[in-house]
Amino acid sequence: MPTPTLTERIKARALTIGFDLVGVSPVEAPTHSQAFADWIQQGYQGEMAYLARTADQRLRPGLHLGWARSAVAVGLNYNTLHTRSGAEEGIRGWISGYAWGDDYHDVMRGMLDRLGTAVNEEAGREVQARAFVDAGPVTDREIAARAGIGWYGKNTNLLAFGMGSYFFLGELFLGLPLDGDRPLPNNCGQCRLCLDACPTNAFVGPYVLDARRCISYLTIEQKGIIPRDLRSSMGAHILGCDICQDVCPYNTKCRPTKESAFQPRPGLHAPELIPLLDLTEGQFKAKFRGSPILRAKRRGFLRNVCVALGNSRRPEAVPALARTLREDPDALVRAHAAWALGRIGGDGAAAALREAHAREADATVQAEILVVLRA
Ligand code: B12
Ligand code: SF4
Ligand code: SF4
């Protein structure tokens, strides 16, 4: 048997550390640079201003990673095989599978640090290295696709055989030349199930998502009021969305994750919605410490809970929403409670809205109340 090369040894170490996928990419402009630039030009990034601000670095990695000679791209399966995007009894919300367990940024950063140490051991010297998971000014999917880890699905997620798209991506840039891998062929064929399944019509076309319409963006990245015309299409989703992945044939019969940190924390799989309205700032932070849900912040998360309760159309939710409209300290939450009461309707909801109209001092909340009362 031939002696394994340095590249092969580093890839083997990545798998031993626990990554499910590994490949090597050159440090070059992304293959779909023009598509990225057009996307920003169209404004599809919405409030995610950091994407436009760092576009140059994403499109020309040499600008900030001039010393790097290769990028080791890794994928980590987070599929716990629990059902996704499904309704359960009670008034329940839906949290996207990626956020059921611990924050993947923390999990993967620790693993990439271990990979950095392994690279030094294999190279027999200290190699300059920089790790990124999601948050860096780099295009994770482009690098991973170049490294042959997976192919772009029409829903813009990267897919791999045996794992579908339920895996996270990260990369370790190295001041060390390694043997690059070949990209995989695209295996979507004529299918378009993901494009047709999106409840908010967020796809402009295959491979192009208008993030401003995506439930994942609306529930996590959008910081203020959720556009009124999109709320009723958001269903029970209170953080993220998996619909365009759930329907993908490559996401059936996948192997489960080996990473116990991604197993659902108690009560997070499909949480009862009404008790979530009582979370104070301190309770929210304590409950979701180390979880990706923290990113939405209390005000964003409770806003989403109100929308989901409205979409449940369940009269049992009216007393809790009326109390939120009366007492929640955050105007953003009260505004969406008003909408939810209007969506459920009935005498109790109308009385709560009239009472709030007489008393509410915040102009945004008043505007929401008036839209409902005048409808
Ligand atoms: C911004 C962002 C979002 C935004 C925008 C999503 C998007 N599609 O861009 C929002 C908030 C909506 C989002 C949602 C989600 N995200 Co996100 N997100 C990112 C982030 C930070 C940047 C992505 C980006 O650069 N978008 C810009 C646009 C232009 O890229 P794009 O839509 O992928 O378009 C590319 C392709 O379509 C391709 N292309 C264009 N035309 C064509 C034509 C052909 C034929 C082909 C083959 C390709 C192709 O080129 C384009 C440019 O690269 C990355 C992390 C990172 N640093 O890269 C994570 C990342 C993409 N997200 C991730 C995840 C898990 C999600 C969610 C599944 C979370 C959830 N369950 O709610 C959803 C999925 C929604 C969806 N359908 O994409 C993972 C994806 C893992 C994977 N297996 O693909 C990443 C990589 C984070 C990570 N490190 O793991 N996300
Ligand atoms: S994540 Fe949900 S809302 Fe976003 S594109 Fe996919 S199906 Fe549509
Ligand atoms: S649902 Fe079909 S088109 Fe969409 S990503 Fe999966 S295979 Fe590709």
Side-chain angles (χ1 to χ4, degrees), residues 21 30-42 44-48 50-52 54-55 58-59 73-78 84-85 94-100 104-105 108 132-145 149-160 163-171 183-222 230 233-235 237 239-252 292 295:
L21 299 164
T31 310
H32 302 97
S33 287
Q34 191 55 48
F36 184 94
D38 292 347
W39 192 79
I40 297 284
Q41 183 64 35
Q42 291 294 331
Y44 292 147
Q45 76 279 12
E47 288 180 11
M48 298 181 291
Y50 70 93
L51 288 172
T54 57
R58 287 169 200 265
L59 295 176
V74 290
L76 185 62
N77 183 353
Y78 63 90
R84 293 160 183 279
S85 302
W94 197 253
I95 290 177
S96 178
Y98 91 92
W100 288 338
Y104 68 97
H105 299 91
M108 286 185 80
F132 292 111
V133 178
D134 181 54
V138 289
T139 50
D140 291 348
R141 292 192 272 210
E142 287 283 334
I143 296 162
I149 275 192
W151 73 92
Y152 271 108
K154 289 183 184 133
N155 60 15
T156 79
N157 287 300
L158 221 62
L159 288 160
M163 230 163 27
S165 56
Y166 293 120
F167 57 88
F168 299 121
L169 294 171
E171 54 281 322
L184 295 176
N186 188 302
N187 290 293
C188 277
Q190 296 306 306
C191 176
R192 50 171 289 130
L193 286 170
C194 53
L195 306 178
D196 296 336
C198 177
T200 53
N201 289 318
F203 293 107
V204 179
Y207 311 102
V208 184
L209 176 77
D210 182 348
R212 297 169 301 180
R213 298 187 67 85
C214 174
I215 294 169
S216 184
Y217 169 87
L218 295 170
T219 53
I220 305 168
E221 304 298 334
Q222 168 111 25
L230 292 175
S233 309
M234 291 169 62
H237 291 86
L239 193 115
C241 171
D242 290 330
I243 292 175
C244 59
Q245 297 186 88
D246 283 351
V247 298
C248 176
Y250 286 105
N251 275 325
T252 51
R295 181 166 174 82

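Whatever order the structure lists ligands and atoms in, that order sets their numbers, starting from 1.
- Contact annotation for atom 87 (C) of ligand 1: protein present (non-hydrogen atoms, distance under 4.0 Å).
- In terms of protein heavy-atom proximity, atom 6 (C) of ligand 1 is closest to Leu209 CD2, 3.6 Å.
- Every atom of ligand 2 is numbered from 1 in the order shown, and the set under 4.0 Å from a heavy atom of Ile243 is 7 (S).
- In the vicinity of Ile215, heavy-atom distances shorter than 4.0 Å reach the ligand 2 atoms 3 (S), 4 (Fe).
- Closer than 4.0 Å to atom 17 (Co) of ligand 1 lies none of the heavy atoms of the protein.
- Counting heavy atoms under 4.0 Å from ligand 1, residue His32 touches it through both backbone and side chain.
- Inspection of the Asp38 and Gln42 side chains reveals no N or O donor paired with an N or O acceptor under 3.5 Å.
- Residue contacts with ligand 1: Cys214 is included, with a non-hydrogen atom under 4.0 Å away.
- Regarding atom 78 (O) of ligand 1, its nearest protein heavy-atom neighbour is Thr156 OG1, 3.0 Å.
- Closest protein heavy atom to atom 60 (C) of ligand 1: Asp134 OD1, 4.3 Å.
- By the definition of a contact as any protein heavy atom under 4.0 Å away, atom 67 (C) of ligand 1 is not in contact.
- Protein non-hydrogen atoms do reach within 4.0 Å of atom 83 (N) of ligand 1.
- Each of the atoms 55 (C), 56 (C), 57 (N), 58 (O), 86 (C), 88 (C), 89 (N) of ligand 1 lies under 4.0 Å from some heavy atom of Asp140.
- Distance check for atom 3 (C) of ligand 1: every protein heavy atom is found at 4.0 Å or beyond.
- Contact atoms of ligand 2 toward Cys198: 3 (S), 5 (S), 7 (S), 8 (Fe) (distance under 4.0 Å to a heavy atom of the residue).
- Contacts between Leu209 and ligand 2, counted as non-hydrogen atom pairs separated by less than 4.0 Å, involve the side chain only.
- Taking every non-hydrogen atom of Ser165 and a distance limit under 4.0 Å, the qualifying atoms of ligand 1 come out as 83 (N).
- Taking 4.0 Å as the cut-off, Gln245 counts as a neighbour of ligand 1 on heavy-atom distance.
- Checked against Tyr166 for a side chain to side chain donor-acceptor pair (under 3.5 Å), the options Asp246, Asn77, Asp242 give a single hit: Asp246.
- Distance screen at 4.0 Å: atom 71 (N) of ligand 1 has a protein heavy-atom neighbour inside the cut-off.
- For atom 63 (C) of ligand 1, the nearest protein heavy atom is 4.0 Å or more away.
- The distance criterion of under 3.5 Å between nitrogen or oxygen atoms is not met by Met48 with respect to ligand 1.
- Contacts of Leu159 with ligand 3, taken as heavy-atom pairs under 4.0 Å, involve the side chain alone.
- Atom 6 (Fe) of ligand 3 has an N, O or S atom of Cys248 closer than 2.8 Å.
- The option with the heavy atom closest to atom 36 (C) of ligand 1, from among Tyr78, Tyr152, Trp39, is Tyr152.
- For ligand 1, the polar-atom distance check finds an N/O of Arg141 within less than 3.5 Å of one of the ligand's N/O atoms.
- Between Arg58 and ligand 1 there is a heavy-atom distance shorter than 4.0 Å.
- Residue contacts with ligand 1 for Cys241 involve N, CA, C or O but no side-chain atom from C-beta outward (heavy atoms, distance under 4.0 Å).
- Contact annotation for Thr200 and ligand 2: only side-chain heavy atoms (C-beta onward) come within less than 4.0 Å of the ligand.
- Because the distance cut-off is set at 2.8 Å, Cys244 fails to qualify as a neighbour of atom 4 (Fe) of ligand 2, as none of its N, O or S atoms comes that close.
- With a heavy-atom cut-off of 4.0 Å, Asp242 touches ligand 1 through its side chain alone.
- Near Phe203, meaning under 4.0 Å from one of its heavy atoms, ligand 2 places the atoms 5 (S).
- Residues Asn157 and Tyr250 have side chains that never bring a donor and an acceptor to within less than 3.5 angstrom of each other.
- Protein heavy atoms come within 4.0 Å of atom 28 (C) of ligand 1.
- Proximity of Tyr207 to ligand 1, defined as any heavy-atom pair under 4.0 Å, is shared by backbone and side chain alike.
- The closest protein non-hydrogen atom to atom 4 (Fe) of ligand 2 is Cys214 SG, 2.4 Å.
- Not a single heavy atom of Tyr217 sits less than 4.0 Å from an atom of ligand 2.
- A donor-acceptor contact shorter than 3.5 Å is absent between the side chain of Lys154 and the backbone of Leu195.
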